[in-house]
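Excluded from the calculations below are hydrogen atoms, water molecules and symmetry mates; all remaining heavy atoms, backbone and side chain alike, are included. Convention: sequence-line order gives letters A, B, ...; per-chain numbering from 1. Here the structure is a predicted model, which is why all the values come from computation and not from measurement.
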Protein chains: 2
Amino acid sequence: MSEQLRTDRADRRPTRQRTAIAEALSGTAEFRSAQEIHAALARRDERVGLATVYRNLQAMAGDGEVDVIRTADGEAVYRSCATDDHHHHVVCRSCGLAVEVTGDAVERWAEAVAAEHGFTEIRHTVEIDGLCAACAAARTR
Amino acid sequence: MSEQLRTDRADRRPTRQRTAIAEALSGTAEFRSAQEIHAALARRDERVGLATVYRNLQAMAGDGEVDVIRTADGEAVYRSCATDDHHHHVVCRSCGLAVEVTGDAVERWAEAVAAEHGFTEIRHTVEIDGLCAACAAARTR
DNA sequence: ACGCAGTTTGACAACGGTTCTCATCTAGGA
DNA sequence: TCCTAGATGAGAACCGTTGTCAAACTGCGT
């Protein structure tokens, strides 16, 4: 009846395509869009259908293997997240420079504030953007 | 956040459409998509083109009159933000229930962590989602 | 009030990312 | 090896958003 949110992947086969996608992601610590991954695989002669890339990325996201965030223009970008600790980014609105930051404080706050309202299975998205020092300087008039 | 908040935009004309859009937004404290606003206006016999809704929403967002966030499926949603204090939402993944929460702690953390890396003109987006008590209960059986 | 010039609007086409369809293929157990 | 449920791929469909451009409108000077 309720088969939502399964954490096991017993029902997912290790196919060539799936492996290629997982590797493409684990190869970098940056966020990459489905289209970028598809292009990267093609460049590497790994012929994988675009739909397959989307499907697997979504499946992996559902299983918590990868993080997903949305860029400012609505494109979904994925990043392998099993490797390192949970962290966030501070992104420069002007040049795109991204700095990783950890935030135990936020994690705890999110948990606390959600629990306070009876919510469970909390997840959160924290995006910080601003102007990096260089861009701010270039912009001064 | 030391940005001059102009109430008048010298370079933007107050048209019937623009006013209608602004009112549609200020009428609620919730986030609404461009399409929803367009539909709401139509229902109210305010004939405004969809493209116009998008254009104005973007212009208002650019001027800092409204906040924009992306829903999980990539749709842009807008909320009037001049009226009340800055706050965030805890949303139920299952039923969509949204609870408003304030978070001075996060605001300060965002400022601090960003400044630490030389960033200025900080903005942040914090989205928390989970399962509300009701949905969690419904799911356990 | 009138006319002009620059904005803004609206209907619709175009676009781009994502999802769906379905015939075909494949992994893995019998 | 054979079978079968799950996986794939090519392309169409989908849908939110953006671009196009002639027509309508606004602010401003006259």
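Taking every heavy atom of both residues into account, A:L41 and A:A20 meet most closely at CD2-O, 3.7 Å. Across all their heavy atoms, A:L57 and A:V66 have their closest contact at O-CG2, 4.0 Å.
By the side chain to side chain donor-acceptor pair (under 3.5 Å) test, A:T71 pairs with A:D73, sequence neighbours left out. Checked against salt bridge (charged side-chain N to carboxylate O under 4.0 Å, His left out), B:R16 has the following partners two or more places apart in sequence or in another chain: B:E46. In this structure, the side-chain contact (heavy atoms from CB on, under 4.5 Å) partners of A:V68, at least two apart in sequence or on a different chain, are A:A61, A:A76, A:Y78. The side chain to side chain donor-acceptor pair (under 3.5 Å) test applied to A:R55 returns A:T52, not counting sequence neighbours. Every residue two or more places apart in sequence or in another chain that forms a side-chain contact (heavy atoms from CB on, under 4.5 Å) with B:T19 is listed here: B:E23. For A:A114, the side-chain contact (heavy atoms from CB on, under 4.5 Å) partners at least two apart in sequence or on another chain are A:F119, A:I122, B:V90, B:I128.
The CD1-P distance, from A:I21 to D:dT8, rounds to 7 Å in whole Å. One interatomic measurement links the two molecules: CZ of B:R18 to P of D:dC25, which rounds to 16 Å at whole-angstrom precision. Following rounding to the nearest Å, A:D73 (CG) and C:dC15 (P) show an atom-to-atom distance of 17 Å. At whole-Å resolution of the value, CD in B:E36 and P in D:dT17 are 10 Å apart. For A:M60 and D:dA7, the CE to C1' distance is 15 Å, given to the nearest whole Å.
Counting only N and O atoms by type, the side chains of B:H124 and B:E111 include no donor and acceptor under 3.5 Å apart.
With axes fitted over five pairs at each extremity, the angle between the ends of the helix from C:dA1-D:dT30 to C:dA30-D:dT1 is 30° (10° resolution).
Which of D:dG16, D:dT8, C:dT18 sits closest to the side chain of A:Q35 comes down to C:dT18.
Remark: A:L50, A:A51, A:Y54, A:R55, A:Q58 in residues 42-58 of chain A come within less than 4.0 Å of DNA chain C through at least one heavy atom.
For the OP1/OP2 pair of D:dG9 and a distance below 4.0 Å, the side-chain nitrogens and oxygens of A:Q17 include at least one atom meeting the criterion.
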Under 3.5 Å between N/O atoms: give me all the protein pairs with nucleotides 26-30 of chain C, atom names plus distance.
unit_1 : atom_1 : unit_2 : atom_2 : d
C:dT26 : O2     : A:R13  : NH1    : 3.1

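Listed by first and then second residue, the ring pair (Phe, Tyr, Trp, His ring centres under 6.0 Å) pairs involving residues 41-68 of chain A amount to none (not counting sequence neighbours). Note on residues 19-50 of chain A: pairs passing ring pair (Phe, Tyr, Trp, His ring centres under 6.0 Å), not counting sequence neighbours, are A:F31-A:H89.
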